[in-house]
Amino acid sequence: MSPTSETAKGGRRLVIVESPAKAKTIKGYLGPGYVVEASVGHIRDLPNGAAEVPAKYKGEPWARLGVNVEKDFQPIYVVNHDKKDQVKKLKELLAESDELFLATDEDREGEAIAWHLQEVLKPKVPVRRMVFHEITKDAIQAAVASPRELNKKLVDAQETRRILDRLYGYEVSPVLWKKVMPRLSAGRVQSVATRLVVERERERIAFRSAEYWDLTGTFDTGRPGDNSDPSTLTARLASVDGKRVAQGRDFGSNGLLKDSAQVLHLDEANARALAAALADASFAVRSVESKPYRRSPYAPFRTTTLQQEASRKLGFGAKATMQVAQKLYENGFITYMRTDSTTLSDTAVNAARAQVTQLYGADYLPEKPRTYAGKVKNAQEAHEAIRPSGDRFRTPAETGLTGDQFRLYELIWKRTVASQMKDATGNSVTVRIGGRASDGRDAEFSASGKTITFHGFMKAYVEGADDPNAELDDRERRLPQVTEGDPLAAREITADGHATKPPARYTEASLVKELEEREIGRPSTYASIIGTILDRGYVFKKGTALVPSFLSFAVVNLLEKHFGRLVDYDFTASMEEDLDRIARGEAQAVPWLRRFYFGEGTEGAAGGAAEAGNGDGDHLGGLKELVTDLGAIDAREVSSFPVGEGIVLRVGRYGPYVERGEKDAEGHQRADVPADLAPDELTVEYAEELLAKPSGDFELGTDPGTGHQIVAKDGRYGPYVTEILPEGTPKTGKNAVKPRTASLFKSMSLDTVTLEDALKLMELPRIVGKDAEGTEITAQNGRYGPYLKKGTDSRSLETEEQLFTITLDEALAIYAQPKQRGRAAAKPPLKELGTDPVSERPVVVKDGRFGPYVTDGETNATLRRDDDVETITPERGYELLAEKRAKGPAKKTAKKAAAKKAPAKKTAAKKTAAKKTAAKKTTTAKTTAAKKTTAAKKTTAAKKTTAKKVAAAAEAAAE
DNA sequence: CAGTGAGCGAGCTTCCGCTTGACTT
């Protein structure tokens with residue numbers, strides 16, 4: 001496989017493409033003298049997080065962004081971790097070459113990859129940019145013969161896009177961490193995708209169904225029927241006394257008629273009365289209308305249409321489709337699968353036409369090849385449509401493929417062949433039938449049919465439908481051959497009730513389609529967009545439907561209210577326009593970014609030609625300002641949704657819950673909402689039901705001793721069991737009784753814990769015995785695990801089982817030992833790393849609350865994600881400590897200075913709360929303490945925000 | 001969102017878009 005072995009003597013050329021599969025193909029077309037290798041996508045990017053930021057930028061306030069927002073948005077680029085080997089290989093190959101051809105895709109990203117390659121490889125030989133749109137020998141050789149220069153403006157446009165996405169994502173996500181829940185995310189693409197799903201659900205919630213009725217009549221021609229001339233036809237009531245009968249589409253989403261003057265709304269009684277009045281009526285054909293029918297084939301596949309059809313016809317998710325397609329591509333069965341183009345190369349058109357003639361005959365072949373104009377607005381057209389590869393398409397049977405690969409290939413093959421076939425033609429017929437009811441009303445029924453006289457492309461391929469009730473294109477519906485005036489007998493007339501349905505939820509495929517239409521996302525990302533919003537818990541799947549979570553309602557609500565422009569559906573489209581201007585040299589990246597980030601009116605922005613979006617002229621503030629001043633964002637408000645009857649749904653840190661009344665007030669109720677409840681199913685009645693019974697309980701049974709019901713729950717500190725006290729037990733006041741509670745052991749789980757386990761757990765704390773002085777020793781389970789307690793002296797136990805088994809002698813033996821202070825002291829270090837060269841202290845690895853860390857007794861540094869206790873070297877340990885020392889003190893003092901008051905208060909508040917809780921005089925005291933803690937926390941949060949604001953202002957001033 | 005004993009190292013989460021393996025399930 002060594003590419004150099006194929007290289008001819010002298011005049012070696014290195015050609016770099018993006019994909020290894022492509023490299024393999026092209027290699028064969030270029031022959032000796034050329035080495036073809038892949039970059040395997042992008043090779044450099046902005047640093048992902050703090051760990052990837054080069055040391056020299058670490059202290060910078062903008063290091064976290066990877067973009068120097070203080071100096072013309074200069075990006076920091078680092079070679080992607082997983083591309084280091086590939087870059088090394090490319091460098092080696094380049095060292096043996098006399099010329100470099102950058103043959104990445106001809107689109108914005110491809111141009112950028114080429115530029116990054118040039119920057120990283122630093123070639124000393126001539127560099128050429130070479131592009132091609134078709135992988136054939138002629139096209140490739142022509143491309144080599146006529147290279148061009150790198151288009152730096154196009155690269156600028158890509159870089160601007162990259163920086164904007166970074167600023168958006170890395171500035172807005174932390175707002176969500178603070179205001180909604182940690183680890184959430186926001187982004188130009190995912191947030192709009194989420195918003196689409198949320199908005200559809202809002203429509204469903206607001207939707208009011210309408211009931212309407214109509215009649216269906218079965219009419220008989222009185223002739224014996226056959227296949228081409230059935231004896232009966234089924235027709236629906238179309239109008240009464242000339243007034244059209246209302247159908248589903250006549251109703252709005254509010255359940256009311258859109259235009260009540262024009263249509264007749266039949267209710268059940270009315271419909272039944274009319275049916276009865278028509279029972280003995282005589283009917284005749286009033287009109288027969290025949291129109292030619294013509295249908296053209298669908299365009300060849302691009303990524304989105306392939307995902308949609310694979311979903312409809314094969315039941316594949318977007319990700320599965322792409323994985324199967326990737327395999328087909330790698331093994332040379334199909335062309336590239338991430339494309340927004342429906343264009344077929346000449347080679348492909350010829351192959352398709354040859355196959356049409358061979359399989360279906362010349363009658364099915366149009367005179368001229370069909371071409372499909374690009375439908376996608378921001379298409380970059382770097383690739384062909386998705387089609388079988390080669391200049392002669394293999395039939396599915398010839399491929400030898402099996403399973404999913406076979407099915408997907410067959411789909412692609414059929415669609416491609418069909419795209420070069422003739423239109424399907426036929427007739428569509430509408431028959432109107434009239435009759436007079438016994439009450440004098442005139443009723444007109446209507447039926448329509450379709451006959452296909454020439455199937456054309458439908459012989460090969462018919463597109464599926466999202467709606468399972470929808471009729472497919474090639475379905476024929478034949479009506480009896482009747483002419484105007486023909487008498488018909490009504491065999492049966494029935495009244496049918498209907499209800500209008502809310503708009504359907506998105507599926508993966510339909511959401512991707514929507515995103516493409518709105519120019520949001522790219523072929524290479526459609527599948528992962530779905531993955532992202534699923535991973536974040538913004539949506540979940542119910543069958544194939546994408547259902548938004550309550551969490552996504554809170555997130556979208558916040559974004560709409562405070563970052564409206566960023567989740568505007570036209571934001572991306574307008575960005576694309578601006579990027580195009582940058583690519584054409586009509587606008588400059590830096591002023592554009594400055595306007596986006598710092599807002600209008602900032603220095604330099606006025607001179608820029610770029611207009612940061614159209615239609616958002618009312619917005620002058622920049623992103624920076626929006627994420628700095630968070631005081632205006634009321635976290636409680638954005639995550640509260642009224643349900644009705646005084647019930648509010650709230651999205652808390654632990655998930656959604658419903659609440660009635662104020663906390664601690666009389667009549668306050670609260671209950672968890674199942675995480676997989678679809679928002680449109682949360683009715684007032686359901687909320688009442690949830691509030692009526694304690695939620696999330698696993699009912700274990702009754703304690704034979706007390707008669708109290710025992711339940712298992714999942715609480716803040718994990719699963720636990722507790723008892724339900726009978727009605728009327730005072731929960732507050734002097735005689736308050738607290739239910740017994742106990743955490744589950746690690747070995748137990750909520751769904752398997754038994755009543756016996758629970759009763760045993762609730763016996764804790766267990767009295768083990770008394771020591772020589774008569775002080776009671778108890779065994780109990782606490783926050784840090786099982787422990788013994790003697791007065792104020794506590795000792796950890798090793799296992800939870802010991803809580804039940806430990807004897808007095810064993811307990812006394814433990815107390816005879818000196819107290820082990822803290823967890824770290826109790827455990828030996830995980831590893832010893834020798835002596836630190838700087839502090840000259842012994843360095844060890846320990847396990848702490850936040851995972852393993854290295855310490856020399858003075859400085860501590862947590863191991864990074866890539867470090868491993870087993871494999872860590874002493875040198876790495878010293879390095880971590882040195883890093884920590886380098887930034888530690890500076891950061892610490894800064895932090896202390898900035899947030900001095902807040903932590904002090906917090907500690908004080910905590911202590912107060914702890915003391916009062918410990919005192920446990922009454923539950924009232926406890927409630928007060930809890931309240932105070934909450935209040936203190938709020939103050940702390942507010943203070944922190946203020947402190948940050950001050951810091952930000954200082955930064956701005958320093959500029 | 002139960003409320004239980006001490007002492008004490010933070011660091012990281014996150015974006016979009018271009019590509020495949022290397023992993024585990």
Side-chain angles (χ1 to χ4, degrees), chain A residues 18-22 38-43 45-46 48-51 64-66 80 82-83 86 104-105 107-110 112-113 158 161-174 176-177 182-191 326 330 338 521-525 528-529 532 536 652-655 657 659 663 670-672 695-696 713-718 720-722 738-739 741-743 765 780-785 787-789 792-796 819 821-825 846 848-851 853-855 859-862 864-865 884 888 914 917-918 920 926 930:
Chain A
E18 284 177 42
S19 142
K22 206 175 188 178
S39 72
V40 200
H42 273 293
I43 55 155
D45 193 10
L46 302 174
N48 237 322
R64 163 186 90 73
L65 299 170
N80 297 355
D82 56 341
K83 298 291 164 56
Q86 193 63 19
T104 48
D105 296 346
D107 56 18
R108 204 160 63 206
E109 298 295 328
I113 293 174
Q158 190 275 346
R161 198 273 313 151
R162 180 68 191 92
I163 293 171
L164 174 125
D165 282 332
R166 167 54 62 93
L167 295 175
Y168 185 144
Y170 274 37
E171 290 286 29
V172 181
S173 298
L176 299 180
W177 305 342
R183 288 171 177 275
L184 295 180
S185 62
R188 175 174 56 83
V189 171
Q190 60 168 293
S191 294
Q326 174 85 29
E330 282 169 17
R338 292 185 274 263
R522 301 282 312 140
S524 65
T525 61
S528 60
I529 295 165
T532 300
R536 297 282 170 273
R653 303 227 137 201
Y654 313 107
Y657 59 95
E659 191 174 41
K663 205 178 173 217
R670 169 132 89 176
D672 279 335
S695 62
K713 295 179 163 198
D714 201 12
R716 169 70 184 86
Y717 305 119
Y720 67 102
V721 288
T722 188
K738 277 196 344 165
T741 61
S743 286
Q780 44 199 303
N781 207 8
R783 164 135 196 234
Y784 308 105
Y787 68 103
L788 291 173
K789 187 177 157 157
T792 56
D793 194 4
S794 66
R795 302 294 167 92
S796 282
K819 180 162 170 103
R821 296 184 65 82
R823 272 169 69 185
K846 288 185 176 181
R849 204 156 39 117
F850 308 115
Y853 65 101
V854 286
T855 177
T859 309
N860 304 306
T862 306
R864 300 294 196 273
R865 210 176 15 189
K884 187 66 198 298
T917 315
K920 258 190 215 169
K926 218 178 70 194

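Small disclaimer: the values here were computed from a predicted structure and weren't measured. Each chain gets a letter, A, B and so on, in the order the sequences are listed, and its residues count up from 1.
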Does [X] reach the main-chain N or O of [Y] with its side chain, forming a donor-acceptor pair under 3.5 Å?
X	Y	value
A/Thr855	A/Asn860	no
A/Gln86	A/Ala38	yes
A/Lys83	A/Val40	yes
A/Arg64	A/Tyr170	yes

task = Ignoring backbone atoms, establish whether A/Ser185 has a side-chain N or O less than 4.0 Å from OP1 or OP2 of B/dC15.
result = yes

Gap between atoms [atom1] and [atom2], on [X] and [N] respectively (whole Å):
X	N	atom1	atom2	answer
A/Arg795	B/dG7	CZ	P	12 Å
A/Leu176	B/dC15	CG	C1'	12 Å
A/Arg64	B/dG11	CZ	P	16 Å
A/Tyr853	B/dG7	OH	C1'	11 Å
A/Glu171	B/dT13	CD	C1'	14 Å
A/Arg183	B/dT13	CZ	C1'	5 Å
A/Leu184	B/dC12	CG	C1'	14 Å
A/Tyr720	B/dT4	OH	P	13 Å

Taking every non-hydrogen atom, the tightest pair across [X] and [Y]:
X	Y	value
A/Ser39	A/Ile113	OG-CG2, 3.8 Å
A/Ser173	A/Leu184	CB-O, 3.9 Å
A/Gly169	A/Pro174	O-CD, 4.2 Å
A/Leu176	A/Ser185	CD1-O, 3.5 Å

ask   = Please walk me through it: do A/Asp45 and A/Arg162 pass side-chain contact (heavy atoms from CB on, under 4.5 Å)?
value = CA-CA 9 Å; A/Asp45 193 10; A/Arg162 180 68 191 92; 2.8 Å; yes

Looking across every strand, which nucleic acid part, if any, lies under 4.0 Å from [X] by heavy atom: base, sugar-phosphate, or nothing?
X	value
A/Pro765	nothing
A/Tyr787	base
A/Ser173	base
A/Leu46	nothing

message = Using the six-membered base ring of B/dT14, report whether A/Trp177 stacks on it, requiring centroids under 5.5 Å and planes under 30° apart.
response = no

task = Sugar-phosphate means primed atoms, P, OP1 and OP2; the rest is base. With that split, encode nucleotides 16-23 of chain B 5' to 3' as B, S or - using protein heavy atoms under 4.0 Å.
result = BBBBS---

query = Using 4.0 Å as the upper bound for N to carboxylate O, is an ion pair formed by A/Arg338 and A/Asp105?
reply = no

remark   = Note, DNA chain B 5' to 3' with Watson-Crick or G-U pairs under 3.5 Å encoded as ( ), [ ], | and . gives .........................

request  = Please tell me which of the listed nucleotides, B/dC1, B/dG9, B/dT14, lies nearest to the side chain of A/Asn860?
outcome  = B/dG9

message = Nearest to the A/Arg670 side chain among B/dC12, B/dT14, B/dC1, which nucleotide is it?
response = B/dC1

query = Glycosidic conformation of B/dG9, syn or anti, with 90° from 0 as the boundary?
reply = syn

